[in-house]
Structure formats: C-alpha cells, structure tokens
Amino acid sequence: MSVRTAPIAHPVDGREIAVARPKHVWRWVAGIVVLAVVAWLLWEIVANPRLDWSIVGDYLFDKRIIDGIWVTIEISILATVLGLVLGVVLAVMKLAHNPVLRWTATGYIGFFRGTPLLVQLIFWYNLAFLFPILIVKIPFTETGVYWDTNAVMTGFTAAMLGLGLNLAAYFAETVRAGIQAVDPGQSEAAYALGMTPAKRMRVIVLPQALRIIIPPTGNEFISMLKTTSLVYVVAGHDLMTNASQIYKQNNQIIELLIVASVWYMVMTAIATLLQSRLERRYGSDAVRMVRKGGVADRLLRKQTAPTAGVLA
Amino acid sequence: MSERSERLDTSVVIADQVRMGFGDVEVLRGVDLEVDAGEVACIVGPSGSGKSTFLRCINGLETVEQGSLRVLDQQVGFELGNGKYHPWSAKRFATFRTDIGMVFQRFNLFAHQSVIENVMCAQVQVAGRSKKVAHDEAVAQLERVGLSEHAHKKPHQLSGGQQQRVAIARALAMHPKVMLFDEPTSALDPELVDEVLVVMKALAEDGMTMVVVTHEIGFAREVGDTLSMFADGVIIEHGRARDVLDDPQHERTRNFLASVR
Ligand SMILES: Nc1ncnc2c1ncn2[C@@H]1O[C@H](COP(=O)(O)OP(=O)(O)OP(=O)(O)O)[C@@H](O)[C@H]1O
Ligand SMILES: [Mg+2]
C-alpha cells in the first residue's frame with residue numbers, strides 16, 4: 001500500500017488539510033526485536049571463544065577443500081544430467097500406451113521415491129556384494145567385456161548413480177506434468193501434418209513442455225549441489241567428504257563445517273544466477289512475473305526477451 | 001453431381017455406413033458420403049452431431065469401427081493382405097496423413113515456433129525436404145495467404161484470422177491432395193472471418209478437394225459444390241449446396257438453417 005501525503009479538502013469549507021504520516025509502532029517493535037535476536041545469535045557464534053576463525057580462514061582455500069568443490073560440482077552436474085535424461089524417458093514411458101512400459105516406470109518411480117536416498121547410496125556402493133563382476137556380453141556367447149565391480153563402483157560412481165537414479169524418479173513427475181500441460185491441439189496438428197508419435201514428442205511437445213520443466217530443473221540442480229554432501233557416507237571425495245576427513249584429523253568440526261557451508265552457499269548463489277538466466281530464456285511468462293524485481297532480475301535485466309511485453 | 005466433379009471421376013472420400021463411438025456413446029451411426037476430386041463438400045449440422053468426429057476419421061485421427069471409409073484409394077487404418085485387413089502402424093498413418101491437410105477451429109499453430117518455422121517444420125521433419133527448399137516453399141505459401149511480412153512473428157503476436165491463414169499455409173506446404181476444415185472461422189471475431197474465407201475460396205478455385213465443416217452459409221452457397229446436413233450421427237440431407245440451401249427438404253435442416261442465418 002502506498003502512503004498518501006497530498007492534503008485533503010475539508011468537506012465544508014474546502015480548506016486543504018494535511019494528512020498525518022502513519023505511525024507504524026508495531027512494525028518498529030517487531031523489527032527491533034527480530035534484529036536484536038538475530039544480532040545476539042550471530043554474536044554468540046562469531047565471538048564464541050571456542051570457535052577459531054583463523055582456522056576457517058586457513059582451510060577456506062585448502063587444496064583438499066578446493067578439490068572437493070570440483071568433485072561436488074562434477075557429481076552434481078553428472079547426476080543431474082543422468083536424472084534429467086532418465087526422467088524424460090520415464091515420463092514418456094509413463095504416458096505410453098504399452099502397459100508394460102507404464103508399469104515399469106511406475107515401479108521404478110515407486111521404488112526410488114519409497115526408499116531413503118542414503119540407503120540407495122550405500123546400496124550402490126556395495127553392489128559388489130551382489131554382483132562381484134559386471135559383464136556386458138553378447139547373449140549366449142562368451143564374447144564381452146568384464147569389470148571388477150569394486151573397481152567400477154567407486155564412491156564417485158556410486159554417488160553419481162545413486163543421486164542420478166533417485167532424481168530421475170522425482171523428475172519424471174515434473175516432466176510428465178510438463179508434457180500433459182501442452183495443449184493436446186498441438187499433438188493433433190503434428191499428427192495431421194504426418195508426424196509419428198515419437199517425432200511429435202521430440203519436435204513439438206517436449207520443446208513446449210520445457211517451459212514448465214526448466215524452472216524446477218534449476219531448483220533440482222541447486223538442491224543436488226547440497227544433497228551431494230550425503231555421499232560422504234560412501235567417501236565420494238566431494239566437498240563434504242573432504243571437509244569431514246580434515247576434521248576427523250584435527251577435530252575442528254565446526255570450523256570445517258563453516259568452511260563447507262561458505263562454499264555451498266557460493267555454489268548455490270552462482271547456480272541461482274544461472275537459473276534466472278535459464279528461466280529468462282525458457283521459462284513461462286508466469287515465472288518471469290513472479291521473479292520480477294528480484295536481485296537476479298535487476299542483474300540480468302539487459303537479457304529481457306524482446307517479446308516479453310506482448311502477452312501482458 | 002457438380003460440373004467440376006463430372007470432369008474428374010475419381011472419388012477422394014467414399015464413406016459407406018461409417019459407424020464409431022466413444023465408449024457407449026455412438027457418435028457416427030452410419031454415415032454415407034462421397035467426395036470427388038476437385039469438389040468442395042460442405043458439412044453443416046448442430047453441435048454434437050458428429051461433424052468433427054467424421055472429419056477426424058477421414059485422416060485417421062479417429063478409428064472407424066464399422067462400415068468402410070476409403071480415402072485416396074486406401075481403406076483408412078487398414079491394409080489388405082493375405083485375405084485379411086491388417087491395422088496400420090503409426091508410421092503408416094503418418095505417411096497417409098501427409099496427403100491430407102487439416103485446419104482446426106483453434107488454429108493449433110506450434111506455439112514455440114515462429115510463423116515461418118510453423119510452415120517449414122513438417123516439410124523438413126516429415127517430407128524430408130532441405131531447409132532451403134522448405135523455406136522457399138514456406139515463403140510462397142505465406143505469400144499466397146497474404147502474410148509474408150509476418151514470417152518471423154510468433155503465433156501469439158498474430159490475430160486469430162492471421163493465425164488461421166498461417167495454419168492453412170502450413171497445411172498447403174505439404175502439397176496435400178485434400179484439405180479438411182473443421183469450423184475454420186468459428187473461433188474468430190466476426191470482422192476476421194472474411195479474410196480466412198477469401199483464402200479458402202481461392203483455394204477452391206485452384207481446384208483443391210475440400211471437406212469443410214462450417215456454419216458460414218454464404219460460403220457454402222458461393223463456394224460449396226455439395227452440402228451435407230449432419231444430425232445425430234447421420235447425414236439426413238445431402239445434395240447440391242445451392243439446392244439444399246434454397247429448398248431444404250428435411251424439417252430439421254430447415255430449422256437448423258433458420259437458426260444459423
Ligand atoms: N474424445 C471424445 N471422447 C468422448 N466423447 C467424445 C469425444 N469427442 C467427441 N465426443 C462426443 O461425440 C459427439 C460428437 O462430437 P463432435 O465433436 O464430432 O460434434 P460436432 O458435430 O463437431 O459438434 P460441434 O459443432 O460442437 O463441433 C459429442 O457428443 C461429443 O461429446
Ligand atoms: Mg466440431
């Protein structure tokens with residue numbers, strides 16, 4: 001609500017009478033109380049004699065930490081890509097006429113959403129218990145490639161697979177919603193022009209579903225950056241694993257958690273910025289409107305699409 | 001039969017007691033219709049009488065359940081082999097549909113593509129033409145419907161009439177042998193109806209075979225060769241467009257025509 005400052009004419013003699021500024025007493029009280037609590041909490045942490053900030057500074061750019069950041073980014077990207085691709089496949093399967101495909105997708109989604117991610121990660125890491133050797137061979141022959149499962153299932157691959165397969169189950173629902181939100185008339189026109197169902201999906205439906213799919217994708221990636229910290233249970237050599245290995249040696253647990261948190265926040269901030277760009281490029285107009293005026297919006301304003309105003 | 005169809009004696013559409021329904025509801029209950037090459041066949045009838053469904057059967061978007069529907073010398077949806085009719089594959093349907101253009105009430109332009117991309121898309125993706133050839137064809141078709149200047153706009157930047165003309169250009173670019181129109185002007189503001197009808201009339205004069213579901217009686221009279229009146233899933237009256245319009249035989253036709261005029 002805007003505040004009125006212009007005077008108002010008196011109903012009888014028409015004299016201009018000034019409008020008093022509203023006094024927001026409770027706004028001030030609430031603001032001061034909250035500020036005080038926040039300041040006190042911060043002070044308790046920042047000035048805590050048992051917290052050694054010089055250690056935070058020492059480890060912020062430690063080689064192991066920096067290496068871990070790169071592994072975290074790598075796992076996040078690979079797992080997200082795996083999750084997105086598989087998620088699209090699952091979504092298409094779920095919408096297929098073939099009941100076997102539908103049930104398979106439903107079963108997959110049920111399994112991966114129904115079990116904790118932590119359990120899945122440890123499961124993949126220990127796959128060698130079930131299958132000591134991984135084989136890719138031509139059926140009924142001895143020609144093929146063999147791997148020692150333990151050599152393949154490193155913490156890194158277990159992390160990537162675990163996170164990617166899990167994301168796929170969640171992402172499939174997003175993709176399905178996106179596909180179903182595309183006007184059925186688009187498919188009719190595609191069929192009428194002689195497209196096969198697959199071509200219609202690839203050329204007409206999926207590109208339009210992207211408007212709905214892309215915005216949550218950014219969120220998935222951002223949450224993935226932080227979920228990767230779970231892979232420290234399988235020693236994935238990511239940021240969290242490496243930070244924990246350092247604090248297990250020197251016992252500076254809180255300091256290293258702060259170091260890790262700082263970097264997670266930096267990564268999240270960068271990813272959020274990239275997300276705004278993506279949304280600007282593909283996102284729906286609704287998304288654009290919600291985000292309007294945000295920090296990212298002001299930073300990226302020059303990118304505004306030329307057609308943005310037309311639908312208003 | 002019209003003068004035009006007497007010259008060309010091949011039938012493009014032959015519907016013989018076509019029946020189909022959705023679940024328990026019977027929508028088409030024995031439709032008979034022949035459309036000759038070069039003919040403009042108009043279809044009128046009240047809402048829900050099965051006009052759209054019949055049109056969609058012609059290009060195989062719906063499956064005929066009983067009776068026979070032959071389009072361009074093919075039994076729609078089925079191939080004769082070894083003494084049996086075998087259902088078409090999705091690919092076979094797709095091939096069949098490249099010969100049939102369809103224009104929808106709600107235009108259905110591809111929302112993520114520009115006007116020219118809409119007209120090029122199926123040419124490249126389906127007909128396998130090169131980008132260059134498809135582009136030249138698209139430019140020519142857009143010229144034909146009078147929209148060359150709008151080639152690079154997105155569909156939502158055009159008026160309804162312009163969108164519908166793009167939809168016509170998009171269908172024509174595939175060089176169809178027959179064009180199906182499902183109430184192409186019903187979603188338009190009244191002042192935009194004519195620009196679409198003008199394009200359709202020109203198309204008819206070029207000799208295109210057309211099946212047109214429409215409530216534009218003026219268009220049916222001027223351009224239509226035959227007119228079929230649908231009611232409750234059957235054609236209750238059929239004849240030369242002018243004859244039916246000037247002297248409807250059936251009580252329901254009279255009432256219907258009075259209601260749309
Ligand atoms: N996909 C569908 N599933 C179930 N019923 C349908 C479907 N499509 C159409 N119908 C029904 O079939 C009947 C005929 O529909 P159709 O669209 O062919 O009528 P129409 O003559 O084109 O009417 P209108 O003038 O309103 O377009 C209607 O009762 C409609 O409700
Ligand atoms: Mg209809």
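Chain letters run A, B, ... following the sequence lines, proteins first, then strands; residues in each count from 1. For the numbers below, each heavy atom of this structure counts, side chains included, while hydrogens, waters and symmetry mates do not.
There is no contact between B:Gln123 and chain A, counting heavy-atom distances below 4.5 Å. Only the backbone of B:Leu109 comes within contact range of chain A, judged by heavy atoms closer than 4.5 Å. Proximity to chain A (any heavy atom under 4.5 Å) is restricted, for B:Arg56, to the side chain, taken from C-beta onward. B:Phe110 touches chain A through backbone and side chain together, each having a heavy atom under 4.5 Å away. Contacts of B:Leu61 with chain A are made by side-chain atoms alone, with heavy-atom separations under 4.5 Å and no backbone atom involved.
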**OP:** Start with the C-alpha gap between B:Cys121 and A:Ile204, add the side-chain angles, then the distance that decides, and say whether side-chain contact (heavy atoms from CB on, under 4.5 Å) holds.
**Re:** CA-CA 9 Å; B:Cys121 184; A:Ile204 303 302; 4.1 Å; yes
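Minimum interatomic distance between A:Ala192 and B:Phe104 (heavy atoms only, all atoms of both residues): CB-CZ, 4.0 Å. When every heavy atom of A:Ala189 is checked against every heavy atom of B:Arg170, the shortest pair comes out as CB-NH2, 3.4 Å. Across A:Gly185 and B:Asn108, no two heavy atoms sit closer than the pair O-ND2, 3.2 Å.
Residues of residues 193-202 of chain A that come within less than 4.5 angstrom of chain B, heavy atom to heavy atom, are A:Leu193, A:Gly194, A:Met195, A:Thr196, A:Pro197, A:Lys199, A:Arg202 in numerical order.
A 6.0 Å sphere centred on CZ of B:Arg106 holds no more than 12 heavy atoms belonging to other residues, nucleotides or ligands. Enclosure of atom CG in A:Asn98 by more than 12 non-hydrogen atoms of other residues, nucleotides or ligands within 6.0 angstrom is indicated.
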